[in-house]
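Here is the structure we will look at.
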Amino acid sequence: MDYRQLTQEEIGVLEANSCWAEDWSRVEVAEAFKPYAFHRVLFYGDIRLGSFDKQVEVSKGFVKHAGINNATLRNVVIGNDCLIENVGNYINNYTIGNDCYISNICTMETIEGATYGEGHVVSVLNEMGDGNLILFHDLNSQLAAFMVKHFGDKQLKDALQRLVREEIQFTVPERGTIGNNVKIINTKEITNTVIKDECEISGASRLSDCTILSSKDASVYIGTGVICENSIISNGCSITNSVKMQDCFVGEACQITNGFTAEASVFFANSYMANGEACAAFCGPFSASHHKSSLLIGGQFSFYNAGSNTNFSNHAYKMGPMHFGTLERGTKTASGAYVLMPATIGAFSVCFGKLMHHPDTRCLPFAYLIAYGETMYLVPGRNITTVGLYRDIKKWPKRDKRAAGSRKSIINFDWLSPFTVGEIVQGKKILEALRQASGDNVSTYNYHEYIINASSLRKGIKYYDIALRIYMGAVLKRAQKEGFLGKPTSDIGLGEWTDLSGLLLPVSEEQRLVDDIKNGDIDTIQDILDRFVGINDYYREYQWAWTYRLILDYYGLSELTPQAIERIREDYIKARRAWIAEIRKDAEKEFAMGDVEQEVFDDFVSKLDHEVDYEN
């Protein structure tokens, strides 16, 4: 915008309206500037003002003329058609965009040493450890997981820190900025904070060294009593009701509310936090905590509902609309047993067998662990055929509230993938080996410190086999539909797979990225983010390479013939129908307990009846 000096006539109007300037020559204005909407304004330092011609809606149906009233400004640039009034202390060293409404605030300023929340190094998973995660505006769940996972590789860590620092130096503003169409009212203090377009801040207590990445299609709302320090808040977030947050990153479309406190933690993509507390927590996509007694500390979570410390009831809601229970820990059953349930959706299948006693052993996926006193019973594969899993498969994609243009974190919603199916293959082999070693004429089998009842082992093999046949048939069907059926043209994907907080990828591709960063073949942090996108774009191709080999091994084939394809298709349909039948049994059992209304049960069964529509 081009600026000019004030005319003597304009200065006269301003002074008549009780305005004053330390030096009127340092107050410059847009060509179309008119001085009549300024009252009781004090100008210090260098001031740049746009035009103030429009009406501003301050509440629904209530408009006021743009202008500045009752304010002290120092070294401030203000765009067109803003309304700024009742600034109790001052606005100092700030650039404010167009069409903003700022009212009843105390202080807004940029002071020396401002970081805007960028570049802080925090320690997640280990609250007393060295910093392992760098907070900055382009962080997503993949890059965060990548940083934390490879923290021990000093060469890689140094390279990542250098790339992030270069990104921050290139993008950091010289002083605090307010974007266009921003509304800030009844707020005490905003210091060293960048606020992007369309953000609304109402009643916050303090924002200090923060970046708020709001946008027109994914605005951010910050509400009453919020204190936020050294943190970054992404597009589409809502931070309300006396939240206290320090050294945190909040990803797209997250909600944090009702007095939740967080320190040195990260929250990604659609997470919901209320009432409780987080410290050094890595909360991946769709993490949730609802209760006052919940403390997420030093852990990594995704597709997770924390429950409360004394009330783990949520997992019981299976057909009803309140069900969240992808992961509940320490759930006490009516019989007095304690159940440990694994997360079973998307990229985030977790088996506690990896975490208890034998971290170096393969786990049995989709399993329950049930404790009776000192005895631990393992029920392998049980969660494959539950109502809860079925609902989770359907609900998570629908609950992604992120705007199409604001989806930094990658989320793969496949519940059966090379990552989870690889664990199923190993789990089935373990069960078959146990049965072969001990025979069929035993009542229980021992797996490390765990006991598996004979009936549970047989059913576990059955459930794993159902999942394998569903997976192979579904991938084969997609390959036929999309035209890549046949021997894969690439070996990428043949080995083990892993999960980077939502991104499913071959371990070989992750290692290739590690090598490229350490060898200096990656020039910017954006190159790393683009690599993640590229890997995700090739997911189906890599998946087919892995699945093609699985099909040959499972069916004992040397090539995929038309006869084999027809057999796989038939097995897929049979397995799918068997899966739905087991889920129906689980629903009927729950209904028989009297916990579910007839209408809810009928609606759920109707959905199961329509599953045949997806067979072909």
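Just the heavy atoms: all of them, side chains too, but no hydrogens, waters or symmetry mates, feed the values below.
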Residue set satisfying ring-ring contact (aromatic ring centres under 6.0 Å, His included) with F267, at least two apart, ordered chain then number -> none
Does T420 use its side chain to pair, donor to acceptor, with the backbone of W415 at less than 3.5 Å?
yes
Test item: N383 side-chain N/O and L389 main-chain N/O as donor-acceptor pair under 3.5 Å:
no
Nearest 0.5 Å, what's the [atom1]-[atom2] distance between [X] and [Y]?
X: Y539; Y: I410; atom1: OH; atom2: CD1; result: 13.0 Å
X: I528; Y: D138; atom1: CD1; atom2: CG; result: 11.5 Å
X: D499; Y: S417; atom1: CG; atom2: OG; result: 8.5 Å
X: T385; Y: R382; atom1: OG1; atom2: CZ; result: 4.0 Å

Are any of the side-chain nitrogens in [X] or [Y] under 4.0 Å away from the carboxylate oxygens of its partner?
X: E611; Y: K394; result: yes
X: R576; Y: D571; result: no
X: R512; Y: E509; result: yes
X: D153; Y: K518; result: yes
X: E582; Y: K585; result: yes
X: D527; Y: R531; result: no

With E277 via salt bridge (charged side-chain N to carboxylate O under 4.0 Å, His left out) - residues at least two apart:
none
Run the ring-ring contact (aromatic ring centres under 6.0 Å, His included) test on Y372 and Y377 for me, step by step, so that the C-alpha distance in whole Å, both residues' side-chain angles and the decisive distance to 0.1 Å come before the verdict.
CA-CA 8 Å; Y372 287 92; Y377 288 88; 5.8 Å; yes
So, H150 and Q155: side-chain donor and acceptor under 3.5 Å apart, yes or no?
no
Hey, are Y554 and R469 close enough side-chain-wise for a donor-acceptor pair under 3.5 Å?
yes
Examine F282 together with F268 and report whether their ring centres are nearer than 6.0 Å.
yes
May I ask you to check whether F591 and F604 place their ring centers less than 6.0 Å from one another?
no
Of R569, K574, R577, K477, which is the lone residue that meets salt bridge (Lys or Arg N to Asp or Glu O under 4.0 Å) with E615?
R577
